[in-house]
Structures are given as C-alpha cells and as structure tokens.
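Input: a single structure, listed below in structure tokens.
From a predicted model like this one, the values you see are computed outputs, not experimental measurements.
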Amino acid sequence: MNKPILIIVLVAIVGISAYTLLHKQFNKTVEVSTVAPSDARFVQNIDEFSIEDLDLGAYISYKDVASELKTMSGKQLLFVGNDSSDTSYIEGSILFPLLNEFETPLNLDIIYVDMSGSEDVSVVNLQKVLNIEVTPSFVLVDANEKKKSYEVVSKLSFVSDEPFTVDELRTWFFDNGIWTGPYGKN
C-alpha cells in the first residue's frame with residue numbers, strides 16, 4: 001500500500017520541479033534600452049540632452065519656415081523636430097555622436113525647425129510645406145531668394161517602427177553632398 005503512494009509523491013515532485021525549471025528558463029525578462037548599444041557611450045542621460053547642445057546654425061519655428069526659406073539661397077539642411085522622445089533620440093543618440101565621432105567635430109549648418117506648439121499641423125500641411133509626413137525628419141531644400149521659392153531635394157524621416165542609424169544618416173548626408181568628413185567610422 002505504501003508503494004503506490006510513494007510513486008505518486010515522487011511523480012508529483014518530479015513534475016512540479018520540471019514545471020518550475022522550465023517556467024524559469026522560458027520566462028526570463030530582458031531589459032530593453034532606448035539607446036542602441038553602440039551609441040550608449042555618447043549619451044549619459046538622454047533626458048538631459050537638448051538640441052542646444054549641438055550648437056546648430058539657426059532655429060526657425062514651423063509657422064515661419066516657408067517664408068524664411070524664400071529669403072535664403074542655395075541648399076539648406078533642415079532638421080524638423082519637436083519635444084518628442086523620437087526627436088530627443090535623434091539629437092542625442094544619432095546626430096550628436098555623428099558630428100563628434102572624429103577628433104575635430106564636423107560643423108554642418110543645420111537649421112532646426114521647431115514643431116513644438118504646432119501639434120495641430122496636419123499631414124497635408126507638412127507635405128505641402130516640407131514634403132514630409134512625420135517628424136522628426138531631415139529635409140534638404142534648394143532655396144532661391146530671387147524667385148522667392150524653394151524646392152525639397154531630399155528627405156529622411158524617422159519612423160519608430162523602422163528607425164535609421166548613425167550610418168544611414170551619414171550615408172544620406174554623403175549621398176546629398178552634405179557630409180564633409182571622412183566617409184566611414186574613424
């Protein structure tokens with residue numbers, strides 16, 4: 001009589017132990033970082049980083065961008081951003097490391113177009129003014145002061161589902177004649 005009870009207890013102990021071990025093995029939690037591992041060394045605290053740390057050329061509010069571009073000449077590089085986490089990520093984890101990866105930081109004349117306070121701007125308006133659908137975006141325009149016009153030459157938009165990397169931004173800069181430094185990492 002004791003033998004069947006002993007077998008049942010042993011089977012129960014083995015079953016519970018196997019379940020516990022398998023549960024621990026397949027339910028491990030993984031910490032996900034918002035900063036790519038290769039870029040983490042550049043940003044100590046992304047929440048404390050701001051676009052002012054990049055020392056860009058000029059700041060324009062979105063409502064003034066079309067009229068300001070009509071007073072400029074030649075190719076102009078715009079970074080269209082707002083106070084979102086995606087913009088902070090681009091500034092701190094992509095743009096800042098890219099501009100500072102060499103001993104002498106690159107000096108690109110980037111005009112920051114501030115979308116803060118322009119939350120009610122429609123996609124149709126964004127497409128009409130800058131030919132983009134989302135922010136943050138880099139936009140290269142060819143401005144003609146004499147004709148009081150501008151034309152969008154190229155754009156690179158950051159989409160959370162398919163974010164671009166430092167290398168992809170460098171390639172975009174290079175392909176559009178913006179990149180003045182060596183191509184590739186030092």
For [X] and [Y], which I'm curious about, is there any donor-acceptor pair between the side chains at under 3.5 Å?
X    : Y    : result
S84  : D86  : no
S122 : N125 : no
D167 : T165 : no
N82  : T87  : yes

Note, [X] side chain near [Y] side chain (heavy atom, < 4.5 Å):
X    : Y   : result
I111 : E68 : no
F96  : E91 : no
F158 : Y89 : yes

I need the minimum non-hydrogen distance between [X] and [Y], along with the two atoms involved.
X    : Y    : answer
P163 : S160 : CD-O, 3.4 Å
V152 : L130 : CG2-O, 3.5 Å
Y150 : K70  : CD2-CG, 4.1 Å
I94  : L169 : CG2-CD2, 3.7 Å
S137 : S157 : OG-OG, 2.7 Å
S154 : N176 : CB-OD1, 3.2 Å

Working to the nearest 0.5 angstrom, can you tell me the gap between [X] [atom1] and [Y] [atom2]?
X    : Y    : atom1 : atom2 : value
E145 : M72  : CD    : CE    : 10.0 Å
L99  : I110 : CG    : CD1   : 5.5 Å
E151 : N131 : CD    : CG    : 10.0 Å
S73  : K147 : OG    : NZ    : 12.0 Å
N100 : L95  : CG    : CG    : 9.0 Å
I178 : Q76  : CD1   : CD    : 10.5 Å

What about [X] and [Y], same hydrophobic cluster or not, with Ile/Leu/Val/Met/Phe/Trp/Tyr joined at side-chain heavy-atom distances under 4.5 Å?
X    : Y    : result
Y59  : I90  : yes
F138 : F174 : yes
I13  : I5   : yes

**Prompt:** Is the CD atom of E133 crowded by more than 12 outside heavy atoms at less than 6.0 Å?
**Reply:** no
